[in-house]
Amino acid sequence: MEYNPREIEKRWKTWWDDKEVYKVSNDSPKPKYYVLDMFPYPSGSGLHVGHPLGYIGSDIYARYKRMKGFNVLHPMGYDAFGLPAEQYAIQTGVHPAKSTAENIARYREQLDKIGFSFDWCREVQTCDPKYYKWTQWIFLQLFQHWYCTDAKQAHPIGLLVEVFELEGNARVNAATSQEVIFTALEWRSMTPKEKDDVLMNYRLAYRKTTFVWWCEALGTVLANDEVKDGVSERGGYPVERKPMLQWSLRITAYADRLLADLDTVDFSDSMKKMQSNWIGKSQGAQLFFKLAESSEIRNPKSEIEIFTTRPDTIFGATFMVLAPEHDLVKQITTPAQAQEIADYLAYVNTRSERDRMSETKEVSGAFTGAYALNPFNGAKIPVWIAEYVLKDYGTGAIMAVPADDERDLRFAKKFKLPIVEIIDKSMHPGATIEDKLGKMVNSDFLDGMEVMDAIEAVLQRIEGMGIGHRKINFKLRDAIYSRQRYWGEPFPIAYDPDGVAHPLPLSELPLELPVLDDFKPASGGKAPLARAEDWVNLPNGWRRETDTMPGFAGSSWYFLRYMDANNDEEFASQKALNYWKDVDLYVGGTEHAVGHLMYSRFWHKFLYDKGLVPTKEPYKKLMNQGMIQGKSAVMEVTMDGGRSLELHVPVRFVDDEWRISLENFAKLTHIDNRFEQVEPGTHVAILTEAGGKHIQLTQRVEKMSKSLHNVINPDEMVERYGADCFRMYEMFLGPIEQAKPWDTKGISGVSGFLRKMWGLFYDENGQYLVTDAEPTQDELKVLHACIKKVTEDIERFSFNTCVSGFMICVNELRSLNCSKRSVLEPLVKLIAPFAPHIAEELWLLLGHQTTVCLADYPVFDEKYLVQDTISYPVSINGKKRDLVDLPAGMSPLELEQAALDLDTVKKWLEGQAVRKVIVVPGRMINIVV
RNA sequence: GCCGAAGUGGCGGAAUGGUAGACGCGCUGGAUUCAAAAUCCAGUGUAGGCAACUACGUGUGGGUUCGAGUCCCACCUUCGGUACCA
């Protein structure tokens, strides 16, 4: 009987489905283990070989844990709302629901071929109303809660209203954007709309006019992490800052906890670092600078509020800078400077974010004409505006200390502003401007103090004088939660004629998307939903919110839904939540480091505050899988006129020497119309030609992508080599967390290995070879060495070395001619997580009736690994000179003597005295001369 | 600029401070075949030598150690994150 993966794999897939082998119960005496993959967005181009890498790793681990006696939850689903389906709908008129369903079906088909042990009964699709009912519900919970910074947790908004009724907001410590203090009396006299506006400043989901990233091409607002390098992450379109009324989530309320609890989770250091940088906690002081009296200023009472981490440098503050968008700019600009400021603001407006980023060394700014007073010595300091101060960070205003800040220094030099030295760093040669080192000078009462002491001294003085206070600032900003798009969750919110936002009752959830046939954004920054007038306008005169939720809404809690995916009464039952608790192993790409992971950690903490989930963190351990890169074929062409072009040639047209024939080259115009510009020999100089019949191309390792024409389809690999082989080869490529190029050639090695393993059961004549004979010591040693290696390596997610361990084992069993049941049976169990189909088939051949997936994982026994002789390397001065087999159990002294007696050693020692001999029993012998 | 990860044969990669290059691809030679594919056997870091063997070898330069791919210091390169964060 020959190894026929196609036939075997098909049969076992059906068998697993029929027997519901992978169905998981929420009711089990076994310990739980939750293995989760980051669910995919089902794109139109299907899976390429890079996508399943993490899924295979997690599937191996899930299968391993199952055989180790755990009740393993290993689900899969789809992040199914999103822009591409909607863009596609705008272009083709195909409803996003339809194209998404088709893409999901395609993904499912591809995933099914690879033999994953997913429990598909628990599948979630974020665009399914049964699912987004609960996304909407959690949003409403956020809407109906505020964050109390005293209790360090979320409380119902009703509690806040009670306090307002009793005593106003003066003593409420909350994460809030409310700036005005009011009394109980003032509260009670507010109109409903005014009250709603106040409460909005406290809600965890709130509506506010904010400067947002507006993307004209996509017709929507984007979140910070959806904007990369000044363009939209999806599509690469330009974006601009624009003030708009938007829903936001107050993630900043949880900044401190999101940072602190990183210590409790098992993420890589780099991942933790990325998150803590994103949160960006800094300690300093918030303080106020009064404006100098002047009849030219419209509002001389104003103060400028600043944030600084270096209050000690205040005597070196020779000017102040406001962000161009700062509210005070209009009020304080003097008539004499009005034109200059207007010109500068106009200039800032023309600058795209990309311009701003590309020239960070170039400073620009304008003088407002106003002066502020140094609160300590009353010195008059000019107030400027400049691009380098950001509206969203701190208070949008700074005191500029050119002597101690590089940017301030550049600015001072350019605009000829004074520079006052305040820190003597002569004691610390090599210290940089950022180092908090040196002695204070020219600084009044701080003179002579070390920087660290001066910071504390000035903080105490500031608080004593009542001009400011200590403050912790975060870089993290609230997450913009509105998208002016169709294909997302509708907000379960309606506005009354006064514009007060009202939540929909639970009984009206899910609020389903209305059916539309035109998905283009409506005019004026309005979402497509505004077109569905019957849906928007309610009988009582209220209007529905027409924005939809962003991509991260559905993905912020999906891991909880898997625990109880078909529950219509709750997002998941408390019983299920308390059984599964949290994700033990989460596998996914690094690209979600700051987006998805932060949002879902935030939602989880909120649900924890509400007592709805039992754990503070959703993910115990995070594994990052590396990218599988493609090899693309690049043709560099120089057009007439010297313009050069880089074209990606589809790799299927490329031969082994990375060339393309002229014949195939001619076909390329049908694939990419850019090739129409390129005609060989005529108006194009092609880089290298080989023999006149081919064009030589350059190989480049880069991201696998449709546009680079270097995609390898997993279906083809499975079709040709089988799923088991594909799974093992993906693992064999290298460490799972590293990026590595795909090379189809190498797969034959794994394919040969599987056939060799099969060959232990059947010879080439189809003769069944397995016997019940007693295994020899050598055979048991080979087996147990493999059990030990594989088990240890699975535990540390080193799947590539597991595969080579299997290869070594099978090679050795072959050379021992071993086909004994007592050796092969454990081997089949051992390999089952990696190659489940062939394992089931061989398990059946060995006479078992039940699935190998639930067999006990083999345990290695040290006693088979003890060696009679040990092969000792003998070194002289650390250089290996000989190798000698010596009986195990020799004493160090005996080993030393045995080494010194060797001929090689004698030869090398000739004429030299032995100074020392180092013996590590079981390891090595080193002779020092 | 800052933060993080990584630099090992022709290639993917392996190596608790203790035999560098496991395993696989590729390549070379041989067996089988009319031939090819497939399969099997042997070899394969570089240089010199018929060989035994010798020298050199883990990005570069130093250091610690009996012994360094692994630890420490400085630098170079690549990749990822971040970007005027006060």
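Hydrogens, waters and symmetry mates play no part in the numbers below; they use all other heavy atoms, side chains included. The chains referred to below are lettered A, B, ... by the order of the sequence lines, with proteins before strands, and numbering in each begins at 1.
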Rounded distance in Å between the [atom1] positions of [N] and [M]:
N	M	atom1	result
G9(B)	C75(B)	P	25 Å
A35(B)	G30(B)	P	14 Å
A31(B)	A37(B)	P	15 Å

Are side-chain N/O atoms of Thr904(A) and Asp882(A) paired as donor and acceptor at under 3.5 Å?
->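 Side-chain D/A pair, Thr904(A) to Asp882(A): present.
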
Quick one: which of U54(B), A86(B), U19(B) gets closest to the side chain of Arg881(A)?
->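 Of the candidates, U54(B) comes closest.
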
Looking only at side-chain atoms of Phe732(A), point me to the closest of U19(B), G24(B), U82(B).
->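 Nearest listed nucleotide: G24(B).
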
Would you indicate, yes or no, if [N] has its OP1 or OP2 atom less than 4.0 angstrom from a side-chain nitrogen or oxygen of [X]?
X	N	value
Arg814(A)	C40(B)	yes
Asn800(A)	A14(B)	yes
Arg410(A)	C84(B)	no
Arg923(A)	G67(B)	no

Select from Ser282(A) and Asn277(A) the residue whose nearest nucleotide in RNA chain B is closer to the 5' end of that strand.
->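 By nearest-heavy-atom nucleotide position, the 5'-most residue is Asn277(A).
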
Using a cut-off of 4.0 Å on non-hydrogen atoms, how would the nucleic acid contact of Ser804(A) be classed: base, sugar-phosphate, or nothing?
->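 Base contact - Ser804(A) has a heavy atom under 4.0 Å of at least one base atom.
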
